[in-house]
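Just so you know, these numbers come straight off a predicted model, no measurement behind them.
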Amino acid sequence: MKKFDLIEEGIRDNDVDTIRQVLCNLIYTCQDFSDNVFDETLNYVENERNIKVRESMLEGELVSAEKNDFSFDDLNEAVIRLGENFCSERIDDCKKIGKLISGNTEDSKTPKRQKMASGKSEKKEESHREVMKIIVPVAVAILILIIGVLLLKK
């Protein structure tokens, strides 16, 4: 799996906040987590690079505990809370909501291409993946720049 440049920069600089931001942004590339990029990247950072990203305790309520019917706004709220309290329970909360709003309640360990209708070609899927590999790091870089500018204005 090719690692994103911002993940590698975060690892190099031991910048856990940047790594968490990138991981949170990865959720939007595949809301139902079926492509396993989020899990693979988290596993890479924690197990292969030995950087502790997850906090040990849940702080506050889970978004999914507050209601039963979810929307994209609920996923946004869950991702925001994950960014503030990056723990396993919040990751699971994002996965639960993402799968429900995507209509995918299957186990996330089943590869996405096995779940897809046979009409979509591998070529289109690969093309989409390549585009996302460019868009996500650019979007994250823009977010980091905006946050940096806002912090400098304070």
Side-chain angles (χ1 to χ4, degrees), residues 1-13 15-55 58 62-65 67-147:
M1 176 176 122
K2 183 179 177 191
K3 307 298 172 231
F4 297 105
D5 292 338
L6 287 172
I7 289 286
E8 291 299 335
E9 287 177 27
I11 291 168
R12 184 187 65 236
D13 299 338
D15 185 351
V16 175
D17 289 333
T18 296
I19 295 168
R20 288 176 177 163
Q21 284 180 327
V22 173
L23 287 166
C24 286
N25 286 322
L26 284 177
I27 294 171
Y28 296 111
T29 65
C30 187
Q31 298 166 16
D32 67 358
F33 293 80
S34 62
D35 65 0
N36 291 320
V37 172
F38 178 89
D39 293 319
E40 289 172 1
T41 305
L42 179 60
N43 181 56
Y44 168 76
V45 171
E46 288 190 326
N47 297 327
E48 294 181 33
R49 301 304 296 266
N50 297 318
I51 295 178
K52 184 179 183 222
V53 177
R54 286 182 249 209
E55 297 173 23
L58 170 67
L62 297 173
V63 174
S64 64
K67 58 200 285 189
N68 293 323
D69 188 31
F70 301 105
S71 68
F72 188 74
D73 289 338
D74 297 310
L75 179 62
N76 282 336
E77 181 65 27
V79 172
I80 289 168
R81 291 185 189 184
L82 175 62
E84 295 168 350
N85 176 217
F86 204 95
C87 63
S88 295
E89 293 87 352
R90 294 219 181 272
I91 292 169
D92 292 341
D93 199 39
C94 290
K95 287 180 179 183
K96 177 180 179 179
I97 295 168
K99 288 177 184 180
L100 288 171
I101 66 172
S102 298
N104 178 7
T105 57
E106 296 179 47
D107 184 357
S108 66
K109 293 185 180 178
T110 304
K112 186 174 185 176
R113 63 184 69 101
Q114 289 179 2
K115 295 177 196 171
M116 297 175 115
S118 60
K120 187 169 183 181
S121 72
E122 287 287 322
K123 204 175 234 184
K124 284 184 180 179
E125 183 182 346
E126 183 63 30
S127 173
H128 176 74
R129 245 190 246 121
E130 291 301 317
V131 169
M132 293 311 292
K133 285 180 183 176
I134 295 168
I135 291 173
V136 171
V138 170
V140 171
I142 291 170
L143 283 171
I144 291 171
L145 287 173
I146 291 170
I147 291 169

- Query: Tell me, do N25 and L6 make a side-chain contact under 4.5 Å, heavy atoms counted?
  - Reply: no
- E89 side chain near L62 side chain, heavy-atom distance below 4.5 Å: yes
- Item | For N85, all residues meeting side-chain contact (heavy atoms from CB on, under 4.5 Å), sequence neighbours excluded | E55, L58, E59, C87, R90
- Query: Do the rings of F38 and F33 sit parallel, tilted or perpendicular, given the 30° and 60° boundaries?
  - Reply: perpendicular
- Message: Holding to salt bridge (Lys or Arg N to Asp or Glu O under 4.0 Å), I want the full list of residues that pass it with E84, two or more places apart in sequence or in another chain.
- Response: none
- Per side-chain contact (heavy atoms from CB on, under 4.5 Å), L75 is matched among V63, I27, D93, I80 by I27
- Between N36 (side chain) and D39 (backbone), is there a donor-acceptor pair under 3.5 Å? no
- Query: Which value, rounded to the nearest 0.5 Å, describes the distance between L23 atom CG and C94 atom SG?
  - Reply: 11.0 Å
Salt bridge present between [X] and [Y] (N-O < 4.0 angstrom):
X   : Y   : value
R81 : E77 : yes
K96 : D74 : no
E46 : K52 : no

- Exercise: identify the closest heavy-atom pair between I19 and I11: CD1-N, 3.8 Å
